[in-house]
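To keep things clear, I will list the structure first and then write my remarks on it.
Throughout, protein chains are lettered first and strands after them, A, B, ... in sequence-line order, and every chain is numbered starting at 1.
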2 protein chains.
Amino acid sequence: MGAMTTPTREQERASSARDGAEQRERTSSDRTWTIREIADEFGVTHRTVRHYEDLGLISPERRGTTRVYHRRDRTRLNLILRGKRLGFPLEEIRTIIDLYDRPRGKASQLEYVLGQIDERREDLEQRRRDIEDALSELGEFERRCREDLDRLG
Amino acid sequence: MGAMTTPTREQERASSARDGAEQRERTSSDRTWTIREIADEFGVTHRTVRHYEDLGLISPERRGTTRVYHRRDRTRLNLILRGKRLGFPLEEIRTIIDLYDRPRGKASQLEYVLGQIDERREDLEQRRRDIEDALSELGEFERRCREDLDRLG
DNA sequence: TCATTGCTTTACGTTTACGTCAACGTCAAG
DNA sequence: CTTGACGTTGACGTAAACGTAAAGCAATGA
């Protein structure tokens, strides 16, 4: 995780809460967000965020009835959205997230996780090959188009 | 049995389907396939193949009422399935296929096609980045797992 | 001749991933 | 106290991508 996390405006609240006596010093890791803020920032609807919660992909804190989102929820959302861009179904994305989150104390657990990692890797590498193929076909096609264009001009 | 209206092609197809090994007088580019053969070979159902036809992604020849698949249909099916592996919706896949097939005689057409190619390329390169990121995260995660495993052993 | 096999169309069912109300709670401002 | 901005939980709608009968020819095997 963290390889492609978007640098965001977590500084603003962190610095302004520096001298507040009422609130303990809030580091950026303490910041929380509402569902609307999260949805807007990630470019999805609140309905979508709630849908992901229904499927168990995220589980924000509840204060009373209201959802409170923390940094970990943002991390998960990033994973989810990238998974979606890659065309993975949400259920499969959930298994991936669970994989990252699963407690892996015992050796048997770790062996299992390593096996899952290999499966994931196979899948991703197949996709990468598909993309490379598609890109090179696209390049070849472009070359031919430009040839045709040159003959016309 | 009554008089056959168009006996020639129908019988050709029937006999070639019966024993394909003997029918090697035909060059491979002339070979045709039934919907079942195509479906089996590509690992999809005939319903799926017909669905793609409904959406205009393939348009096999018709002999009478029966669908006859040629090499170009197989090429298209390959494009479709790769598109699906990459998570593209079928409608978008159709536009890509149409792009490759579109007659591009005039310069304006070619300009348009080149623009489309760029869009496609952007999309694919975004996906590639996502895959690279996911793969490197996976690698990092694996490294940590192996560390944990070493500490246990 | 009859049954089987394969292809056909029509049409409704299903799953995924949400969208879209509806109806209600809550809290600060006017 | 009412209004309005957000929040909540259902519950139903929908589009994509097929699945799954149902029902019908047409050629072939027994």
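- For B:Arg94 and D:dA17, the CZ to C1' distance is 15 Å, given to the nearest whole Å.
- An OP1 or OP2 oxygen of D:dA26 is reached within less than 4.0 angstrom by no side-chain nitrogen or oxygen of B:Arg63.
- Annotation: ring pair (Phe, Tyr, Trp, His ring centres under 6.0 Å) contacts of B:Tyr112 (sequence neighbours excluded): none.
- Side-chain N/O atoms of A:Tyr52 include one lying less than 4.0 angstrom from OP1 or OP2 on C:dC18.
- When each of C:dA17, D:dG19, C:dT8 is scored by its nearest atom to the side-chain atoms of B:Arg62, the top-ranked nucleotide is C:dT8.
- For A:Asp101, the side-chain contact (heavy atoms from CB on, under 4.5 Å) partners are A:Arg72, A:Arg76, not counting sequence neighbours.
- Residues satisfying the side-chain contact (heavy atoms from CB on, under 4.5 Å) test with B:Asp148, not counting sequence neighbours, are A:Arg104, A:Leu110, B:Arg151.
- For B:Arg146, the side chain to side chain donor-acceptor pair (under 3.5 Å) partners at least two apart in sequence or on another chain are B:Glu142.
- Contact annotation: A:Lys84 reaches the phosphate of C:dC18 (side-chain N/O to OP1 or OP2, under 4.0 Å).
- Note: CD1 (A:Ile38) to P (D:dT8) measures 12 Å, nearest angstrom.
- Remark: P of D:dA17 and CD of B:Glu92 are 10 Å apart, rounded to the nearest angstrom.
- Under the ring pair (Phe, Tyr, Trp, His ring centres under 6.0 Å) criterion, B:Phe42 pairs with no residue at all, not counting sequence neighbours.
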Provide a list of protein-nucleic acid N or O atom pairs under 3.5 angstrom, restricted to nucleotides 4-7 of chain D.
from, atom 1, to, atom 2, distance (Å)
D:dG7, OP1, A:Thr34, OG1, 3.1
D:dG7, OP2, A:Arg36, NE, 3.0

Every protein N/O within reach of nucleotides 20-24 of chain C N/O, cut-off under 3.5 Å:
from, atom 1, to, atom 2, distance (Å)
C:dT20, O4, A:Arg47, NE, 2.9

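- Rounded to whole angstrom, the span from the CG atom of A:Asp54 across to the P atom of C:dC18 amounts to 12 Å.
- Among residues two or more places apart in sequence or in another chain, the ring pair (Phe, Tyr, Trp, His ring centres under 6.0 Å) test is passed with B:Phe141 by A:Tyr100.
- Partners of B:Arg128 under the side-chain contact (heavy atoms from CB on, under 4.5 Å) rule, at least two apart in sequence or in another chain, are A:Ile131, A:Glu132, A:Leu135, B:Glu125, B:Glu132.
- A cation-pi arrangement, defined by a distance under 6.0 Å to the six-membered ring centre and an angle within 45 degrees of its axis, is absent between B:Arg82 and B:Phe88.
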